[in-house]
Amino acid sequence: MDIPSKYEPSLCEDKWYRYWSDNGFFKSVPDSRKPYTVVIPPPNVTGVLHMGHMLNNTIQDVLVRRARMKGFNACWVPGTDHASIATEAKVVAKLKAEGIDKASLTRDEFMKHAWEWKEKHGGIILEQLKKMGASCDWSRTKFTMDPDMNRSVIKVFVDLYNKGKIYRGVRMVNWDPVALTALSDEEVIYKEVHSKLYYLRYKVEGSDEYVIVATTRPETILGDTALCVHPDDERYKHLHGKRVTVPVVGRSIPVIADSYVDMEFGTGALKVTPAHDVNDYMLGEKYNLEVIDIFNDNGTINDKVGLYVGMDRFELRDKIAEDIAAASLMEKIEDYDNKVGLSERTSAVIEPKLSMQWFLSMGDISKPALKAVMDDVIELVPAKFKNTYRHWMENVKDWCVSRQLWWGQRIPAYYLPEGGFVVAETAEEALELAKKKSGNDKLTVADLRQDPDVLDTWFSSWLWPISVFGGILDPDNEEVKYYYPTSDLVTAPDILFFWVARMIIAGYEYRGTFPFKNVYLTGTVRDKQRRKMSKSLGNSPDPLDLIAQYGADALRMGMLLCSAAGNDLIFDEALIEQGRNFCGKMWNAFRLVKGWSVDEGASQPESAACAVEWFTSKLNATLSQVEAALAEYRISEALMMVYKLFWDEFSGWYLEMVKPAYGEPVDGATLKATIGFFDKLLKVLHPFMPFITEELWHYIAERKEGESIMIERMPEAEAADEKIISDMELVKEIVSAVRNIRKEKGLPLREKLSLVAPGGGAVPERYDSVVIKMAGLDKITADVKPEGALSFIVKGCEYFVPVTGAIDTEAEIAKLTADLEYARGFLASVMKKLSNERFVASAPEKVVALEHAKRADALKKIEALEQQIANLKR
RNA sequence: GGGAGCAUAGCUCAGUUGGUUUAGAGCAUCUGCCUUACAAGCAGAGGGUCGGGGGUUCGACUCCCUCUGCUCCCACCA
């Protein structure tokens, strides 16, 4: 077998992915094993893979691959989300570029364009996920607008409507004048902006007096229908019941008194525009004020008032300010910082707007979902998100589920010709209901008009863990009974409310139980300046480029190394380099072992026997630590443990211990043990780095067609001998000390040294051969202290390395004195505790005993150091 | 304005109910090595008064208070 000298990811990644896929290793069907289920957070159907996906899906793949290797029936369901606003915006933009205006199209024509776009660009991201090694069951791929998914959504809508949980009502909504749709509160981002506070003069009718009103939005005076003051405000008491004139507009409006007004802000007088401010709307309802909506849907002025018709809202702001000033009705203009709501999707300034929308009443159905998380039936990782979750759930508002878009599930409400509406899953069922409702048997489907709006995207994805298994349409099917509830959900905290909370709500409402057991919340991927990675900033590298450059395993490892749950991660290409270097290390370790010739009959050297015995324990100890870390989702730590195990313990120590002399063969027993260790290490590493581990696993032994590391059993931690591990740590310390002497004295490795350990020293005797091999010695003796030797102390025992030539006594003394000072300082700190009566009296016995042990150690060390210094001075 | 969280080596982070050798890791840095798997490497070294101050305790990175700085969530006083 010819082994390339370097690992080339590009040569084996596609090969192995195809192999896994062709052999059906990703596929899952219900069987007698325990299920381990993960549903992917469906990315936007027209999206492309970014670093956030990379992180998120790498974590999922680690969990899924590990579960699969632990004997679970692992099922990772992939899919995409129709992302109604985002996708429709893209299609509208694309049509616009082609000179087609959405308004000129019929709904059906538009949908045809949208589906064409989806077919062309949809699912690219799923192909990209394959590049990173995602072990999804692709035969289960779902799209939130698949026919069965649509039917699930509609069925749920009708069901909730019939339960009285969905209602229709006029509400102030967040209107996006670019996307021309209402947004939920969660889709609005508030941003601090510098703006101006305009002080306008409203003339009091029948008097020469003016009331000054401060506003940031002078253009809304077109819709003013009242002026409000605080009932207790002495400045304005005389105005109660009077009327004032709106500047420029000339409208006469009443002065009302309500304690809503903050007397401290501005002038203490508030203009009331019920159609364009949430709080004003409340005042309007309370005082039965006229509601004048002055805007068209796109943010221009309509003809309700007859002034400034067609002008954009921001142009009007400047224009009306000029006109007010020209009429001498502008008291002053101040600079002012306030927050403005922006659309998450289009960044347009949100216009509060009154409109008829559909709402889901959240109060009752969210209760079990709150309890589940508070009682840790569902665990959030990290747990700090419980607080955030509780706060949101306790103050949950009704969910505006309608969107004024075409791309999505159309609301199944049908309006009757004579008014009123019915809600049904199909037009035919609607017709029956309509006939009953109106008493008109002659009605036809054509007489009914379906609501033009579609449902919020999240109204389909909140069913995802159920609907992907057909659990809405056919609640008792075998699939959903087997796979639901799912095991882990991995997602970003910014969609905790949008998606996670609502899935939990839907889970209890439609399955009577939680949708997933654990929620792992990843951090946000940021650049070195801590800015969120985003397309608009252009600071996000393309994961596919990084895979091409470093390999998928390297990128996966780079992402995992810096990803403590819930913590933001500062992306740094150096981490991917680290991943790539680790791949190189694994590759080279393999090349070393593969290069050995074997003499099956040769007896195993003592050093190799020790090494095998030690690494067996070390490996098992680490395996149980890794298991413990992963059980707590400390994935980054778990990977680091395996990384160090492979690089330091296995490559740095074990392989060096068993490595035969140049040109010599290795004995059969040692080779077999080494291949066995390699096999286990590859398996533990496989979930993190699937490609290189598969490649090497096929190299380290003969494999039959259809065999794969990804379906092998994960090695389980067996008992580890702690004594062997700690003995070897001692050996390592001694070896390091000798190496240090070499380094300080510039003694080359080929020059054999000898070590003298008077009285036997602390090296466990059987490890002599290891020390000799690793430190480059010719022998270890138990002679008396030699003259002209350098020395060191490990665990209170003195060791000597005889050297030829003069020893720099002064330098040695200085070094030893420094050590001595440290030891004395340490002793002092111990003595301080031990001489404190209250410490001895109140500290636990164990702690006191430990301090005594520390004291004994320190005294021993001090004595040895003093002895050494004395010897040198002689 | 309300709430939550964070602050430990140059960087990214561990540090589990306060006591495990006067704080650990990885990366980076410095020094020496092309030693026959690997210079994308090997061997060694340096680096932190655990954000400031106060308190509780025999003992505080760990608990409490306070200040400073940062982050996130919620609210949205015009």
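Here is the naming used below: chain letters follow the sequence lines, and residue numbers restart at 1 for every chain.
Of the residues in residues 626-637 of chain A, those placing a heavy atom less than 4.0 Å from an atom of RNA chain B are A/Glu637, in numerical order.
Atoms CZ (A/Phe497) and P (B/C73) sit 9 Å apart, rounded to a whole Å. Rounded to whole Å, atom C1' of B/U21 lies 7 Å from atom OH of A/Tyr822. A/Leu496 places its CG atom 13 Å from the C1' atom of B/C74, with the value rounded to the nearest Å. Per the geometry, OH belonging to A/Tyr643 stands 15 Å off C1' belonging to B/C13, to the nearest Å. Here B/C42 presents its P atom at 10 Å from CG of A/Asn581, a figure rounded to the nearest Å.
Taking the C1' atoms as reference points, B/G19 lies 49 Å from B/C34, given to the whole Å. The gap from the C1' atom of B/A4 to that of B/U49 amounts to 30 Å, rounded to the nearest Å. A gap of 12 Å separates the C1' atoms of B/C61 and B/A7, to the nearest Å. With P as the reference atom, B/U12 and B/U31 are 25 Å apart, rounded to whole Å.
Each of A/Thr215 and A/Asp494 was matched to the nucleotide of RNA chain B holding its nearest heavy atom; the match closer to the 5' end belongs to A/Asp494. Of the two residues near RNA chain B, A/Leu850 and A/Leu749, the one whose nearest nucleotide lies more 5' is A/Leu850.
Under 3.5 Å, the side chain of A/Glu656 and the base of B/A37 form at least one donor-acceptor pair of N or O atoms. Judged by distance alone with a 3.5 Å cut-off, no donor-acceptor contact links the side chain of A/Lys854 to the base of B/U20.
You'll find the ring centres of A/Phe582 and A/Phe688 outside the 6.0 Å limit. Taking the six-membered ring where the residue is Trp, the centroids of A/Phe497 and A/Tyr389 are separated by 6.0 Å or more.
The side chain of A/Lys397 places an N or O atom within less than 4.0 Å of a non-bridging phosphate oxygen (OP1 or OP2) of B/A75. For A/Asn588, no side-chain nitrogen or oxygen approaches OP1 or OP2 of B/A40 to under 4.0 Å. Phosphate proximity of B/C42 to A/Lys585: present, with a side-chain N or O under 4.0 Å from OP1 or OP2. Listed pair A/Tyr199 / B/A78 fails the phosphate criterion, with no side-chain N or O lying under 4.0 Å from OP1 or OP2. The side chain of A/Trp647 contributes an N or O atom lying less than 4.0 Å from OP1 or OP2 of B/C42.
Taking the ring centre of A/Tyr199 as origin, the terminal cationic atom of A/Lys332 falls inside the region bounded by 6.0 Å and 45° from the ring axis.
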Strictly under 3.5 Å: I want the nitrogen or oxygen pairs between protein and nucleotides 58-60 of chain B, one per line.
unit_1: B/C58; atom_1: OP1; unit_2: A/Arg838; atom_2: NH1; d: 3.1
unit_1: B/C58; atom_1: OP2; unit_2: A/Arg838; atom_2: NH1; d: 3.4
unit_1: B/C58; atom_1: O2'; unit_2: A/Asn836; atom_2: ND2; d: 2.6

So which protein N/O to nucleotides 3-6 of chain B N/O distances come out below 3.5 Å?
none

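Annotation for A/Glu837: atom CD does not count as buried by contact number, only 12 or fewer foreign heavy atoms lying within 6.0 Å.
As judged by a 4.0 angstrom heavy-atom cut-off over every strand, A/Arg739 is placed among residues touching the sugar-phosphate backbone only.
Shown here, B/C34 forms no base pair; nothing in the strands shown gives a Watson-Crick or G-U wobble contact with both key distances under 3.5 Å. Under the Watson-Crick or G-U wobble criterion, with both distances below 3.5 Å, B/C76 is left unpaired in every strand shown. Across all strands shown, B/A60 has no partner, as no Watson-Crick or G-U wobble contact with both distances under 3.5 Å is found. Across all strands shown, B/U21 remains unpaired; no Watson-Crick or G-U wobble contact has both distances below 3.5 Å.
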